[in-house]
Each structure stands twice: as structure tokens, then as C-alpha cells.
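Predicted, not measured: the structure shown is a model, and the values here were computed from it.
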Amino acid sequence: QVQLVESGGGSVQVGRSHRLSCALRGDVSSINCLAWFRQPPGKEREGVARIREGSLVLYAGAVDERFFISEDRATNTLTLEMNKVKPEDTAIYYCAAGIDAKLCRIQELDTHHFQFWGQGTQVAVSL
């Protein structure tokens, strides 16, 4: 089993930067894919960014070139650097982990590709 614990949520002003972290616990050696998803108010959960093999990344178009995902297997931490935040970035952000390496090669951020989820952390972007 794998447990994921997000931290770093809070209120952020438009245009500023913010960082989210996710601590990985348990059988982390089984994890081949890590990602961030988010659920804006009143909307479906959507993919934000994914990382595999330490550096192979995929970003949603809405955050490309503003957000950056990284992982540190030495500390078992997943990070999301959020830059130039916009009001539409307001959401609950979830950390996700997947076992299937093949699914992690598909050029799509799909919630079904991930077996383990954190509880989420709220980010609110204010003017």
C-alpha cells in the first residue's frame, strides 16, 4: 500500500508563485508514475501534470510553462511549483500515484491510471 499526504495549500495572490508538496509513504518502490490533479469548484477532477522516471513529464495545456512537477525519490517527495497563478487555478489539488508503467506512457492525464490518491489540499487564488 501507498499513502500520499499533500501539504502547502492556502491562499495565493494572482501572478504569484506557490509550491505544493506530497509525501509518499509505504511501498513507494512499486510506484512508476506520479501526478497532480485538481478539482475546481463545481467541476470535474482534471489532470495538471505527470512525471515518470524522474524527468519525463506531461503537462495539461492550461498550466504548461507555468507549473513544474518534480520528484525526489531520496526524500519520497513530489512537488508542484506553481508560477504566475491565475484565478482559474483555484481548486483542490490532489497527488496521485500509479503502478502501471505502460499507462504512464500514454499521452493523457487520466484519473483511471492512478491507484493511490491523497486527501487533497485547497489552493485559492485571489485578486
Side-chain angles (χ1 to χ4, degrees):
Q1 280 290 346
V2 174
Q3 297 83 43
L4 308 174
V5 181
E6 301 98 337
S7 62
S11 181
V12 192
Q13 286 188 315
V14 168
R16 303 296 290 269
S17 297
H18 197 69
R19 177 184 296 176
L20 301 180
S21 296
C22 175
L24 316 179
R25 299 171 182 168
D27 186 18
V28 297
S29 63
S30 66
I31 297 304
N32 289 297
C33 195
L34 291 163
W36 287 97
F37 284 77
R38 68 185 182 185
Q39 188 163 11
K43 296 185 178 181
E44 297 289 319
R45 193 171 300 190
E46 62 187 26
V48 175
R50 184 190 70 197
I51 188 168
R52 64 178 175 93
E53 299 177 28
S55 62
L56 299 176
V57 297
L58 175 68
Y59 292 100
V63 306
D64 197 13
E65 298 186 3
R66 295 191 301 120
F67 290 12
F68 298 94
I69 187 172
S70 61
E71 63 171 319
D72 184 341
R73 288 299 184 123
T75 61
N76 289 325
T77 302
L78 178 70
T79 299
L80 183 69
E81 297 280 353
M82 307 167 62
N83 300 306
K84 299 179 182 178
V85 297
K86 304 175 180 180
E88 51 263 44
D89 294 324
T90 294
I92 300 173
Y93 284 74
Y94 296 91
C95 172
I99 296 173
D100 194 328
K102 289 183 180 178
L103 290 177
C104 205
R105 291 181 173 85
I106 298 173
Q107 294 299 302
E108 181 181 11
L109 294 167
D110 189 333
T111 58
H112 297 96
H113 296 172
F114 298 88
Q115 293 75 46
F116 304 103
W117 293 83
Q119 293 298 306
T121 187
Q122 174 76 53
V123 174
V125 180
S126 59
L127 296 174

[atom1]/[X] to [atom2]/[Y] distance, rounded to the nearest 0.5 angstrom?
X    : Y    : atom1 : atom2 : answer
R52  : L103 : CZ    : CG    : 11.5 Å
K84  : K86  : NZ    : NZ    : 9.5 Å
L24  : E71  : CG    : CD    : 8.0 Å
I69  : L34  : CD1   : CG    : 7.0 Å
T111 : Q39  : OG1   : CD    : 10.0 Å
L20  : Q122 : CG    : CD    : 10.5 Å

(request) Please name all residues satisfying salt bridge (Lys or Arg N to Asp or Glu O under 4.0 Å) with R16, sequence neighbours left out, ordered by chain then number. (result)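 For R16 there are no salt bridge (Lys or Arg N to Asp or Glu O under 4.0 Å) partners, ignoring immediate neighbours.
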(request) Show the numbers, then the answer: is there a side chain to side chain contact (heavy atoms under 4.5 Å, CB included) between L78 and I51? (result) CA-CA 9 Å; L78 178 70; I51 188 168; 3.9 Å; yes
State, to 0.1 Å, how close [X] and [Y] come at their nearest heavy-atom pair, and which atoms those are.
X    : Y    : result
I31  : F116 : CD1-CD1, 4.0 Å
C33  : F114 : SG-CE2, 3.6 Å
A62  : R66  : O-NH2, 2.9 Å
L4   : A97  : CD1-N, 3.7 Å
E108 : L58  : N-CD2, 3.6 Å
I99  : Q115 : N-OE1, 2.7 Å

Is any side-chain heavy atom of [X] closer than 4.5 Å to a side-chain heavy atom of [Y]?
X    : Y   : value
V123 : T90 : no
T121 : S7  : no
Y59  : R50 : no
V2   : S30 : yes
P40  : E46 : yes

(request) Only counting residues at least two apart or in another chain, list the ones meeting side chain to side chain contact (heavy atoms under 4.5 Å, CB included) with A60. (result)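 Applying side chain to side chain contact (heavy atoms under 4.5 Å, CB included) to A60 gives V63, L109.
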(request) Could you pull out all residues at least two apart from T77 that satisfy side chain to side chain contact (heavy atoms under 4.5 Å, CB included)? (result)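 Applying side chain to side chain contact (heavy atoms under 4.5 Å, CB included) to T77 gives S21, T75, T79.
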(request) Establish, yes or no, whether the cationic atom of R45 lies under 6.0 Å from the six-membered ring centre of Y94 and within 45° of the ring axis. (result)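 The answer is yes, since R45 meets both limits relative to Y94.
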(message) Regarding R38 and E88, does a basic nitrogen lie under 4.0 Å from an acidic carboxylate oxygen?
(response)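 Answer for the salt bridge query: no.
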(request) Please check if the side chain of H18 supplies one atom and the backbone of G8 the other of a donor-acceptor pair under 3.5 Å. (result)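 Flag set: sc H18 to bb G8 pair under 3.5 Å.
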(message) Please check: side-chain N/O of R25 versus main-chain N/O of V5, any donor-acceptor pairing under 3.5 Å?
(response)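 No; zero donor-acceptor contacts below 3.5 Å.
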(message) Could you tell me if S29 and D27 have a donor-acceptor pair between their side chains, going purely by distance under 3.5 Å?
(response)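 The criterion, which ignores hydrogens and geometry beyond distance, is satisfied for S29 and D27.
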(message) Between R105 and L56, does the side chain to side chain contact (heavy atoms under 4.5 Å, CB included) criterion hold? Intermediate values first, please.
(response) CA-CA 9 Å; R105 291 181 173 85; L56 299 176; over 6 Å; no
(message) Please determine whether side chain to side chain contact (heavy atoms under 4.5 Å, CB included) holds for the pair W117 and C95, giving the CA-CA distance in whole Å, both sets of side-chain angles, and the decisive distance to 0.1 Å.
(response) CA-CA 6 Å; W117 293 83; C95 172; over 6 Å; no
(request) Using the six-membered ring wherever Trp is involved, compare the ring planes of F67 and Y93 and label them parallel, tilted or perpendicular (cut-offs 30° and 60°). (result)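 Judged by the thresholds at 30° and 60°, the geometry between F67 and Y93 is tilted.
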(request) Could you give me the CA-CA distance, side-chain angles and deciding distance for V48 and L80, then say whether side chain to side chain contact (heavy atoms under 4.5 Å, CB included) is met? (result) CA-CA 9 Å; V48 175; L80 183 69; 4.2 Å; yes
(message) How about CD on Q119, more than 12 heavy atoms from neighbouring residues, nucleotides or ligands closer than 6.0 Å, or not?
(response)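 No, CD of Q119 has 12 or fewer neighbouring heavy atoms, counting only those of other groups under 6.0 Å.
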